[in-house]
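Some notes on the structure that comes next.
In the text below, chain A, chain B and the rest are named by the order of the sequence lines, each starting its count at 1.
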Number of protein chains: 2
Amino acid sequence: MDDSLGNVEDAVDSPLSDLEHDRSRLGRSSTAERVADILRDRVTEGFFEPGQRLSEEAIADALGVSRNTLRESFRLLGHEGLLDHRLNRGVFVRVLSAEDVADLYRVRRVIEGAAVRRRPSGEALTVIREAVADAERAAASDDWRGVGTANIRFHQALVTLNQSPRLDESMRQLLAELRLVFHVMKNPRAFHEPFVARNRKLLALLEADRPEEAAAFLDAYLDEAEQLLVRAYEPNR
Amino acid sequence: MDDSLGNVEDAVDSPLSDLEHDRSRLGRSSTAERVADILRDRVTEGFFEPGQRLSEEAIADALGVSRNTLRESFRLLGHEGLLDHRLNRGVFVRVLSAEDVADLYRVRRVIEGAAVRRRPSGEALTVIREAVADAERAAASDDWRGVGTANIRFHQALVTLNQSPRLDESMRQLLAELRLVFHVMKNPRAFHEPFVARNRKLLALLEADRPEEAAAFLDAYLDEAEQLLVRAYEPNR
DNA sequence: TCTTGTCGAATTGTTCAACGATCCTTATGT
DNA sequence: ACATAAGGATCGTTGAACAATTCGACAAGA
């Protein structure tokens, strides 16, 4: 890797370093992990309902993989909190209690709160702006499911202000768990609509470099979101 | 389950709900998980050195379990950040970069910082006091390894102030990762001794209910700890 | 009627042996 | 010295097998 040689590779130097960015996706094949990806999607999208048992034989058969491989996948998702592995009984889609929801929001207040107190980099702000705009666009066309995913992207982007890969990863998992709960909202509009404008407001506070106000605003934001969720959730226990 | 019947069960109603509390300990076995426990200990205690490859056949043979079971264990530890799973190459004890260390401390500042800003419950304070006392006792008898573990207990107890099971678990994993790094300190005394008195000071600030000062003190505390670690660590890259 | 014991089917937990795929080292040839 | 090819070691995955455990059903007993 000596650039001083001035060989033909220099011509594609920039696009090449772009490619390097995708390298993390390369090693990423392995039947067990791919199966885990599929199951993760299915669980978070609600295809498998919370509490439902995932039969090893049935799923291994359906996906065309062996039970052993499937079990490796189960271990991964169990560790992510999406599946509940009970000894000798099988794996079940995790059922979150109201107390779990409260805990998830406790963590959000800590991680997102720390994020908005930081002086944002322009780069991070760009991503946040896009998420806000996407949510507004989706709301304008009554696509409340789209609002939900844009909203998730917004909060994920907020956390990147911490500049910590581990916190990013924690947030990713946290939001995956939270999606398990979102499905109980029968009226997605009622849950997502109030927050579109707040995202815009929070972004403005960040851009104005008023971290303490942003933090206070976020706290109220999360309080209300939690209330909405718990209220719709508590009855089903 | 109608209590109004006034049957004999009423007499044991209270002790029965006590029993439920122990239910979590029941499911607690499974060869794969027990193997994961053993390996986790071995890795954090330094028996397996960072970078070392863990042969499936050799370890499965040594522990008397099958390769498939061992692989399930590997998946668990891989997700905890202690093992590095490279496709078709095997699992290696994770090697943390200086950037990883910085990230771990970034997370600590967020999680522990949030913790000390809370009004501590008397119960949590008791555990913290014990950890401080243990560290002082160990230091008095030149047991610097003991100081290290008491110190870890101290910070783990700090995090419980957040009253969040998920943050507790995150901290547990984070500290396990950090232990991977601690082993590079050839002089444990130089690394642990300065913090015994600071633990006491931080505890005093908590007891005096001065959260902002506690937070500022903790930040400086973590800054110095990180500096010490990185300085001893950077050369070995 | 309620509790307790027992049986059997279904499912998970774990092992084992096998084979292709991939990586690493070493030997080979230019 | 360098690229290439061969070989061995190890991983990835499978399929089958069997023990262990759960759970529901049903019978026996208080």
Q: Quick one, give me the B/S/- string for nucleotides 10-19 of chain C, reading 5' to 3', where B means a protein heavy atom under 4.0 Å from the base and S means that only happens at the primed atoms, P, OP1 or OP2.
A: -SBBBBB-B-

Q: Could I get the full list of ring pair (Phe, Tyr, Trp, His ring centres under 6.0 Å) partners for A/His85, not counting sequence neighbours?
A: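 For A/His85 there are no ring pair (Phe, Tyr, Trp, His ring centres under 6.0 Å) partners, ignoring immediate neighbours.
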
(Q) Under the rule for ring pair (Phe, Tyr, Trp, His ring centres under 6.0 Å), what residues qualify as partners of B/Phe48, not counting sequence neighbours? (A)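 By the ring pair (Phe, Tyr, Trp, His ring centres under 6.0 Å) rule, B/Phe48 matches no residue at all.
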
Looking at residues at least two apart in the chain, or sitting in another chain, which of them share a side-chain hydrogen bond (donor to acceptor under 3.5 Å, both in side chains) with [X]?
| X | answer |
| --- | --- |
| A/Gln156 | none |
| A/Glu169 | A/Arg172 |
| A/Arg109 | A/Asp223, A/Glu226 |
| B/Glu123 | none |

Q: Can you run down the side-chain hydrogen bond (donor to acceptor under 3.5 Å, both in side chains) pairs that involve residues 59-70 of chain B, sequence neighbours left out, and say none if there aren't any?
A: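 Of all non-adjacent pairs touching residues 59-70 of chain B, those that pass side-chain hydrogen bond (donor to acceptor under 3.5 Å, both in side chains) are B/Glu56-B/Arg67, B/Ser66-B/Thr69.
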
Q: Quick one: which residue pairs count as a side-chain hydrogen bond (donor to acceptor under 3.5 Å, both in side chains) with a foot in residues 143-152 of chain B, not counting sequence neighbours?
A: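 Qualifying pairs, neighbours excluded: B/Asn151-B/Asn199, B/Asn151-B/Tyr221.
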
(Q) If the threshold is 4.0 Å, N to carboxylate O, is there a salt bridge linking B/Glu33 and A/Arg75? (A)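 A salt bridge links B/Glu33 with A/Arg75.
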
Q) In degrees, rounded to 10°, what is the bend between the two ends of the helix from C/dT1-D/dA30 to C/dT30-D/dA1, using five pairs at each? A)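 Taking five pairs per end, the axes differ by 10°.
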
**Q.** Leading and trailing nucleotides of DNA chain D with any atom under 4.0 Å from heavy atoms of chain B
**A.**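 Here the contact window of chain B covers D/dT10 to D/dG15.
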
Q: Could you tell me which residues satisfy salt bridge (charged side-chain N to carboxylate O under 4.0 Å, His left out) with B/Arg89, sequence neighbours excluded, listed by chain and number?
A: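 Here no residue qualifies.
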
